[in-house]
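We name chains A, B, ... by the order of the sequence lines, and we start the count at 1 in each one.
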Amino acid sequence: MSIKAPEIRRYGDSAILIDYDVPGYSDRVHTRLNHLAKTLRAQTIWQEVVPSYKSILCVFDLSALSLDDACKKIDDTLKKLSRSPRTKGKVIEIPVVYGGRYGPDMAAIKKSSGLTQSEVIDLHSGQDYRVCMMGFIPGFCFLSEVPKALQHPRYDTPRASVPAGSVGIAGWQTGIYGLDSPGGWQIIGRTPLKLFDKTRENLFLMEAGDTLRFIPSSKALFS
Amino acid sequence: MIEVLNGGTRATIQDAGRPGYRHLGIPQSGAADKLCFALANWMAGNRWDAPAIECALGGLHLRFNEPTTIALAGAEMWAQINGQNVKNFSAMRVEKGDILTLSFARDGCRAYIAIAGGLKIAEFMGSASTYLPAEFGGFEGRALRTGDTLAISNRPREAPRKIPQGYTPRLSRHIVLRARSAAEWETLDKPSQRHLFVSPFHASAATDRMGSRLRGDRIKTAKNLSMTSSPLLPGTLQVPPDGQPILMLVDGHCTGGYPRALQIIRADLWLLGQIAPGSQVSFRRCFTEQPPQILQARNSFYGGLIDGFAF
């Protein structure tokens with residue numbers, strides 16, 4: 001089955017939203033969307049190309065290009081888009097200490113799933129995840145779908161501070177906090193890896209399109 | 001060298017920002033009011049995008065430890081040098097030991113202080129702009145505080161300039177922003193769609209470089225909308241479930257999970273930097289053909305004065 005063509009919509013006066021109509025996460029849409037985002041980023045007319053789970057926002061200079069021409073350019077790009085390459089991007093292993101003080105919401109996930117802690121850990125770390133989008137803050141990565149049993153709504157009122165490296169669940173999404181930040185995700189573990197490090201040559205550990213693999217680790221990781 | 005005697009409410013180093021990294025979660029940052037920032041640099045004889053000081057709300061006190069030229073633009077903060085009033089939107093000579101004090105912002109939120117030659121600030125990801133949430137850029141990634149010393153750069157510059165009549169932007173506590181619909185406009189209920197363009201809102205105390213939480217008529221979606229996280233831009237108006245909209249600014253999150261109702265047109269984005277807690281904010285609807293015309297007129301007006309500047 002082929003993917004339904006996305007809707008091209010105007011967003012304000014100098015941005016276009018390319019919107020794929022999919023409920024939840026779709027691996028096929030992610031692969032296509034990521035390929036499209038990379039193709040668009042190689043074109044010089046876009047000031048920003050921001051992919052997310054189901055859409056791409058493209059910002060252009062309204063004094064150089066009209067909204068109609070920008071839409072047409074995206075339409076042409078979509079028509080000429082080559083087959084999406086079957087790539088996993090970089091495959092990055094993320095050591096995680098699950099539960100205890102590093103995963104304060106493990107109890108809530110155990111309760112709602114009816115699983116033991118080691119079953120939760122096996123499920124969460126038992127599959128690869130795609131990096132679907134980065135943001136809302138530097139280094140935060142939004143990943144593909146978690147197994148059904150682990151899905152859990154986010155907090156209604158966010159915590160005042162979630163430490164950098166925290167691995168969280170929000171609905172079907174899972175992700176890692178790039179910085180210490182307020183946040184409402186259910187935190188089940190933490191990695192000592194810095195997703196964003198302003199002092200490192202490679203500022204970012206990953207980008208959209210990469211593949212992550214969680215490796216359950218012992219608390220000694222943090223000592 | 002410039003010594004910070006008092007950092008005031010919040011003063012940071014800003015330049016034209018670092019666009020092009022939103023896909024990595026890095027907002028563009030830069031001067032929140034790009035126009036007043038550019039005018040300050042222009043008056044100081046600099047390129048429009050040289051690193052300068054952005055002072056939010058006021059309270060900044062500086063001592064100049066060498067003679068130089070500075071320029072002030074933006075919100076009126078009753079600036080004084082050695083206790084003598086000096087004019088906003090003008091360039092002036094300062095001598096060694098002179099003390100500049102800014103009082104409290106009256107008719108806007110942010111004032112810019114440009115120094116001839118610009119400030120000497122190491123760039124991070126191509127920009128000198130401070131981004132406080134991740135503590136990078138600008139002066140040690142943070143707001144200025146007592147005891148900090150800023151070095152002046154030796155960039156080529158021209159003689160100080162005077163703003164010609166008609167070019168000084170009029171700032172007030174009532175900000176009118178022209179807007180187009182954003183991605184989830186259609187999901188708002190009909191009364192909310194009407195309220196957005198007729199009712200004034202007030203900027204709450206939760207107003208900073210990331211965004212401004214507005215108070216006013218409740219804005220609601222027709223149905224409960226479950227959204228996955230999606231991209232945002234500076235000037236996007238988000239509508240959370242409590243009905244009090246959030247206007248995103250230059251340091252705002254790159255993605256968010258609330259419906260996006262409006263997008264402020266590019267030619268008006270500079271005004272977002274002058275929203276202070278308590279400012280009245282109104283939205284006006286812009287039709288399709290208007291934004292390019294407005295932008296072209298504004299770009300040729302100010303671009304004709306300030307070399308290389310565009311909104």
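- For B:Ser181, the part sitting under 4.5 Å from any heavy atom of chain A is the backbone (N, CA, C, O) and nothing else.
- Separation of atoms CG (A:Leu17) and OG (B:Ser230) is listed at 7.5 Å; rounding is to 0.5 Å.
- Both the backbone and the side chain of B:Leu233 have a heavy atom closer than 4.5 Å to some heavy atom of chain A.
- Interface remark: A:Trp46 contributes no atoms to any contact with chain B (heavy atom separation under 4.5 Å).
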### Task
Walk me through it: do A:Phe204 and B:Ile26 pass the test side chain to side chain contact (heavy atoms under 4.5 Å, CB included)?
CA-CA 11 Å; A:Phe204 300 91; B:Ile26 307 283; 3.6 Å; yes
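- The contact between B:Tyr21 and chain A is made entirely by backbone atoms, counting heavy-atom distances below 4.5 Å.
- Looking at B:Glu135, the atoms closer than 4.5 Å to chain A (heavy atoms on both sides) sit in the backbone and in the side chain alike.
- With rounding to the nearest 0.5 Å, the separation of CD in B:Gln28 from CD in A:Gln47 is 8.5 Å.
- Residues A:Met134 and B:Arg22 are not in side-chain contact: their nearest non-hydrogen atoms beyond the backbone lie 4.5 Å or more apart.
- In this structure, B:His253 NE2 and A:Ser181 OG are separated by 6.0 Å, a value rounded to the nearest 0.5 Å.
- With hydrogens and angles ignored, the 3.5 Å screen pairs no side-chain donor or acceptor of B:Gln263 with any backbone N or O of A:Tyr11.
- Atom CG of A:Leu62 sits about 9.5 Å away from atom CD of B:Gln296, to the nearest 0.5 Å.
- Within the model, atoms SG of A:Cys141 and CG of B:Leu24 stand 12.0 Å from one another, a figure rounded to the nearest 0.5 Å.
- Interface residue A:Tyr53: backbone and side-chain heavy atoms are both found under 4.5 Å from chain B.
- At least one side-chain heavy atom of B:Pro19 sits less than 4.5 Å from a side-chain heavy atom of A:Glu48.
- With a 4.5 angstrom heavy-atom cutoff, B:Leu295 touches chain A only via side-chain atoms.
- Contact of B:Pro292 with chain A is made through backbone and side chain together, with heavy-atom distances under 4.5 Å.
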### Message
If you apply the rule side chain to side chain contact (heavy atoms under 4.5 Å, CB included), what do you find for A:Phe136 with B:Cys254, and how did you get there?
### Response
CA-CA 5 Å; A:Phe136 56 105; B:Cys254 299; 5.9 Å; no
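- Residues B:Thr228 and A:Tyr25 are not in side-chain contact: their nearest non-hydrogen atoms beyond the backbone lie 4.5 Å or more apart.
- Proximity of a side-chain donor or acceptor of A:Arg9 to a complementary backbone N or O of B:Ala183 within less than 3.5 Å is detected.
- For A:Asp61, the parts lying under 4.5 angstrom from a heavy atom of chain B are both the backbone and the side chain.
- Between chain B and the options A:Gly135, A:Ala15, A:Cys132, the largest number of non-hydrogen pairs under 4.5 Å is found for A:Gly135.
- The shortest distance between side-chain heavy atoms of A:Arg10 and B:Thr288 falls below 4.5 Å.
- Ranked by non-hydrogen atom pairs under 4.5 Å with chain B, the options A:Ile56, A:Leu203, A:Leu67 are led by A:Leu203.
- Although no hydrogens or angles enter the test, the distance criterion places no donor-acceptor pair under 3.5 Å between the side chain of A:Asp13 and the main chain of B:Arg180.
- In this structure, B:Phe136 has its ring center closer than 6.0 angstrom to the ring center of A:Phe196.
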